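All ligand and atom numbering here is 1-based and tracks the order in the structure. Remember, predicted model here, so these are calculated numbers, not experimental data. Quick note: numbers below take in every heavy atom, side chains included, and nothing from hydrogens, waters or symmetry partners.
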Amino acid sequence: MEFKAVIFDLDGVLVFTDKYHFLAWKKIADELDIPFDEKDNDRLRGVGRAESLDIILEKYTGEELSSEKKAELLERKNDIYKEQLKNMSPSDVTDDVRNTLKKLHERGYLLSVGSSSKNTAYILERTDLGKYFDAVADGTHITRTKPDPEVFLKAAEFLKVEPEDCLVIEDADAGIEAAIAAGMHSAAIGPARQRGRAEACIGKISDILSL
Ligand code: B16
Ligand code: MG
């Protein structure tokens, strides 16, 4: 595979904040008597906050919720999530991730984050990951969330590289679809491996070094 830049998804790839998203959504779903388990949570990977609530509400059978109530639920979910993020530290990043980022940089690749999360800056700060990246494209830069390619195209624009020179690393089906729509190379890790839509599958981040 030939590429000049690597764009990393954040949640589920560089860090495992997916468990905190699950805990926060679970509290909201329980309040509304909506069934919600890890499998339901997988559908929210890479998908924006408001779109995630819409997916959870597919199983809601109560009275119709006003837009104010939905906004309040979204704010509360984020407050619960951010409370969990306070516990994060550099030790939440594996040696495999850190060493791979260093090696890719030494080999001359440009590196970016490409995340739907509006909490990206805070997570990068808590984990001391920001210093490895030439650019960060996240939920604050986009109007359309994955599977729309906007966040990855933003990353390519920030790095000043063409989409076809980028490799995207993703744990989400929505993220792999976004990479394909952007005209980029893609490698799936974790749950995104199952659908087989990505150009490559990796078991751990350092596998990128031999792609
Ligand atoms: P926030 P990624 C995504 O991050 C998460 O996978 C997804 O579950 C979440 O809803 C989305 O960010 C928005 O996050 O609520 O923090 O703005 O996988 O694109 O790094
Ligand atoms: Mg992800």
Side-chain angles (χ1 to χ4, degrees), residues 6-29 36-58 70-86 88 92-94 97 111-127 129-130 133 135-155 168-179 181-182 184 186-195 197-198 201-202 205:
V6 187
I7 304 174
F8 290 86
D9 171 53
L10 181 65
D11 166 56
V13 171
L14 294 172
V15 288
F16 297 96
T17 41
D18 36 356
K19 58 178 185 270
Y20 301 138
H21 279 297
F22 175 70
L23 281 173
W25 281 129
K26 179 77 183 143
K27 275 199 179 165
I28 301 291
F36 184 71
D37 60 18
E38 304 267 359
K39 210 166 151 19
D40 297 309
N41 192 54
D42 271 349
R43 283 186 66 202
L44 312 183
R45 286 178 188 275
V47 177
R49 202 180 304 162
E51 294 79 1
S52 296
L53 179 61
D54 288 339
I55 293 174
I56 291 171
L57 290 176
E58 284 172 11
K70 284 188 190 175
E72 184 257 313
L73 291 171
L74 289 173
E75 198 180 319
R76 207 140 43 78
K77 184 268 170 179
N78 197 45
D79 288 343
I80 301 168
Y81 178 59
K82 280 200 325 208
E83 204 50 42
Q84 306 279 335
L85 294 182
K86 280 188 190 160
M88 289 193 87
D92 285 299
V93 179
T94 64
V97 165
L111 305 179
S112 179
V113 173
S115 169
S116 299
S117 176
K118 292 185 169 136
N119 293 298
T120 297
Y122 183 59
I123 295 168
L124 294 179
E125 185 200 311
R126 296 284 329 157
T127 54
L129 264 177
F133 294 97
V136 174
D138 64 32
T140 65
H141 300 114
I142 55 172
T143 53
R144 298 176 304 276
T145 178
K146 301 167 187 174
D148 189 283
E150 190 178 7
V151 76
F152 294 143
L153 292 172
K154 266 280 171 240
V168 170
I169 317 296
E170 261 289 350
D171 71 314
D173 289 338
I176 295 295
E177 294 307 325
M184 296 178 176
S186 57
I189 189 165
R193 294 162 52 112
Q194 279 167 16
R195 271 197 36 216
R197 290 273 293 149
C201 281
I202 56 173
I205 293 293

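Atom 8 (O) of ligand 1 has its closest protein heavy atom at L44 O, 3.1 Å. The protein atom (non-hydrogen) at minimum distance from atom 2 (P) of ligand 1 is D9 OD1, 2.9 Å.
Here S52 has side-chain heavy atoms under 4.0 Å from ligand 1, and that is the only part of it that gets that close. Contacts between V47 and ligand 1, counted as non-hydrogen atom pairs separated by less than 4.0 Å, involve the backbone only.
Ring planes of F22 and F36: parallel class, angle under 30° (limits at 30 and 60°).
Considering every non-hydrogen atom in both S52 and V47, the closest pair reads OG-O, 3.3 Å. Between G46 and S116, the shortest heavy-atom contact is O-OG, 2.6 Å.
For D171, the N/O/S atom at the shortest distance from the Mg ion (ligand 2) is named OD1. If you look at D11 and ask which of its N, O or S atoms sits nearest the Mg ion (ligand 2), the answer is O. Among the heteroatoms counted here (N, O or S) of D9, OD2 is the one nearest to the Mg ion (ligand 2).
At least one N/O-N/O distance between S116 and ligand 1 falls below 3.5 Å. Residue-to-ligand polar distances place K118 within reach of ligand 1: an N/O pair is separated by less than 3.5 Å.
In the candidate list K77, R49, E170, R43, R49 is nearest to atom 15 (O) of ligand 1, counting heavy atoms.
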